[in-house]
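To start, the structure under review is shown below, and the notes come after it.
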Amino acid sequence: MLLQIPGLLNQPQIEKILEIVGRSGFQDGKATAGVAARLVKNNEEMAPDEHAQQLLNRILMSSLGQQQDFHHAAMPAKLADFILARYNPEMHYGDHVDEPVMGGPGPKFRTDISMTVFLTPPESYDGGELVIRTSFGDNRVKLAAGDAVIYPSSSLHHVAQVTRGQRIVALTWIQSQVRDPARREILFDLATTRDQLHAEDSGSELHQRIDRSYANLLRMWAEV
């Protein structure tokens with residue numbers, strides 16, 4: 001499932017992150033790419049900086065914590081530290097699939113869901129669309145600053161070449177409590193329907209049935 005999350009970040013949060021970008025060093029993005037992705041990756045990423053990383057994570061994690069659609073869709077069990085990436089003119093990232101398992105020397109995690117948070121206004125740069133290939137055709141995503149998109153990490157995708165301006169995004173990967181994307185989509189539909197019924201007809205028999213079905217399916221499918 002591809003899900004757009006409008007307004008994940010407000011303007012002060014965006015400005016704070018861009019302030020972090022302005023005082024940070026950057027390195028070749030190939031440093032964090034897998035063997036295959038390294039051949040098609042042409043961007044820059046924020047160089048390791050513990051203090052900047054903590055600030056970045058704090059801002060983004062606090063916003064995600066309040067985003068109900070994100071939790072219904074992703075059901076996160078583990079989240080990677082965010083990466084700040086930037087694309088200057090002529091930079092791009094060719095077709096690739098994200099690494100299935102990530103993590104440093106410590107614990108590893110499975111990448112079920114990829115997330116891109118847009119930090120620069122779409123009118124400030126040309127090109128730079130996130131293009132996610134599906135059996136129904138290509139989805140081209142270029143969102144307002146502060147908006148985000150999540151999609152299955154198994155998807156073949158690329159970032160189109162930037163021809164003007166600068167594209168800056170924050171990226172993370174999520175291990176979900178439910179591995180299978182089709183099951184996650186069913187649970188998302190049930191959760192959003194349950195919430196609507198809770199607001200409109202809380203305690204009704206229909207509300208209770210939907211709530212019970214959601215709980216029992218999650219019990220069947222969750223990996224904890």
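Quantities reported herein were computed from a predicted structural model and do not represent experimental measurements.
- A centroid separation of 6.0 Å or more is found between the aromatic rings of His158 and His92.
- In this structure a side-chain-to-backbone donor-acceptor pair under 3.5 Å is missing from Ser155 to Ile132.
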Sequence neighbours left out, cut at 3.5 Å: what donor-acceptor pairs do the side chains of residues 217-224 make with other protein atoms?
| from | atom 1 | to | atom 2 | distance (Å) |
| --- | --- | --- | --- | --- |
| Arg219 | NH1 | Asn216 | OD1 | 2.5 |
| Glu223 | OE1 | Arg179 | NH2 | 3.4 |
| Glu223 | OE2 | Arg179 | NE | 3.3 |

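- Counting non-hydrogen atoms of other residues, nucleotides and ligands closer than 6.0 Å to CD of Gln27 gives a total above 12.
- Less than 6.0 angstrom separates the ring centroid of Tyr151 from the ring centroid of His157.
- The two residues Asn10 and Pro12 have their closest heavy-atom pair at OD1-CD, 3.2 Å.
- Side-chain atoms of Leu187 and Tyr214, non-hydrogen and from C-beta on, do get closer than 4.5 Å to each other.
- For Phe188, there are no ring-ring contact (aromatic ring centres under 6.0 Å, His included) partners, not counting sequence neighbours.
- Under the side chain to side chain contact (heavy atoms under 4.5 Å, CB included) criterion, Val40 pairs with Tyr93, His96, sequence neighbours left out.
- Side-chain contact of Gln13 with Ser63: a donor-acceptor pair under 3.5 Å is present, judged by distance alone.
- Using a cut-off of 4.0 Å between Lys/Arg side-chain N and Asp/Glu carboxylate O, Asp112 and Arg110 are scored as salt-bridged.
- Hydrophobic clustering of Ile, Leu, Val, Met, Phe, Trp and Tyr side chains at less than 4.5 Å, counting indirect connections, keeps Val131 apart from Val117.
- A side-chain donor-acceptor contact under 3.5 Å links Arg167 to the backbone of Gly128.
- Formation of a donor-acceptor pair under 3.5 Å by the His198 side chain with backbone atoms of Arg194 is not found in this model.
- Other residues, nucleotides and ligands contribute more than 12 heavy atoms inside 6.0 Å of the CD atom of Gln11.
- Contact of the Asn43 side chain with the Lys30 side chain is not registered, since no non-hydrogen atoms from C-beta on lie closer than 4.5 Å.
- Within 6.0 Å of CZ on Arg38 lie more than 12 heavy atoms contributed by other residues, nucleotides or ligands.
- With sequence neighbours left out, Arg58 forms a salt bridge (Lys or Arg N to Asp or Glu O under 4.0 Å) with no residue at all.
- Arg184 places a side-chain N or O within donor-acceptor distance of the main-chain N or O of Val178, the cut-off being under 3.5 Å.
- Lys142 places a side-chain N or O within 3.5 Å of a backbone atom of Gly127 that can act as its donor or acceptor partner.
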Atom pairs and distances, donor-acceptor, side-chain atoms in residues 71-84, under 3.5 Å, two or more places apart:
| from | atom 1 | to | atom 2 | distance (Å) |
| --- | --- | --- | --- | --- |
| His71 | NE2 | Leu64 | O | 3.0 |
| His72 | NE2 | Asp195 | OD2 | 2.6 |
| Asp81 | OD1 | Asn57 | ND2 | 2.9 |

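- Under the 4.5 Å side-chain criterion, counting only non-hydrogen atoms from C-beta, Leu9 is in contact with Ile59.
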Intermediate values then yes/no, side-chain contact (heavy atoms from CB on, under 4.5 Å), Asp126 and Val162: CA-CA 6 Å; Asp126 292 334; Val162 171; over 6 Å; no

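- Contact between Ser24 and Ala52 at its shortest, heavy atoms only, is OG-CB, 4.2 Å.
- A heavy-atom distance below 4.5 Å is not found between the side chains of Gln166 and Tyr87.
- You'll find the side chain of Val149 reaches within 4.5 Å of the side chain of Leu2, heavy atoms only.
- Summarising the local packing, CD of Glu123 is surrounded by more than 12 heavy atoms from other residues, nucleotides or ligands at distances under 6.0 Å.
- Under a cutoff of 6.0 Å and an axis angle of 45°, Arg164 and Tyr125 do not form a cation-pi pair.
- Take Gln67 and apply the side chain to side chain contact (heavy atoms under 4.5 Å, CB included) test, not counting sequence neighbours, and it matches Ile5, Leu8, Asp69, Phe70.
- No donor-acceptor distance shorter than 3.5 angstrom exists from the side chain of Ser124 to the backbone of Thr120, with no hydrogens or angles considered.
- Contact between Pro122 and Ala144 at its shortest, heavy atoms only, is CD-CA, 3.8 Å.
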Criterion side-chain contact (heavy atoms from CB on, under 4.5 Å) on Asn139 and Thr134, from CA distance to verdict: CA-CA 7 Å; Asn139 277 298; Thr134 76; 3.5 Å; yes

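- Judged by distance alone, with hydrogens and angles left aside, the side-chain atoms of Asp201 form no donor-acceptor pair with the main-chain N or O of Ser204 at under 3.5 Å.
- Residues Thr32 and Lys41 have side chains in contact (heavy-atom distance under 4.5 Å, counting atoms from C-beta outward).
- Side-chain contact between Glu44 and Met91: present, with at least one pair of heavy atoms (C-beta onward) separated by less than 4.5 Å.
- The two residues Ala148 and Leu143 come nearest to each other via the heavy atoms O-CD1, 3.5 Å.
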Intermediate values then yes/no, side-chain contact (heavy atoms from CB on, under 4.5 Å), Val169 and Leu171: CA-CA 6 Å; Val169 294; Leu171 311 164; 3.9 Å; yes

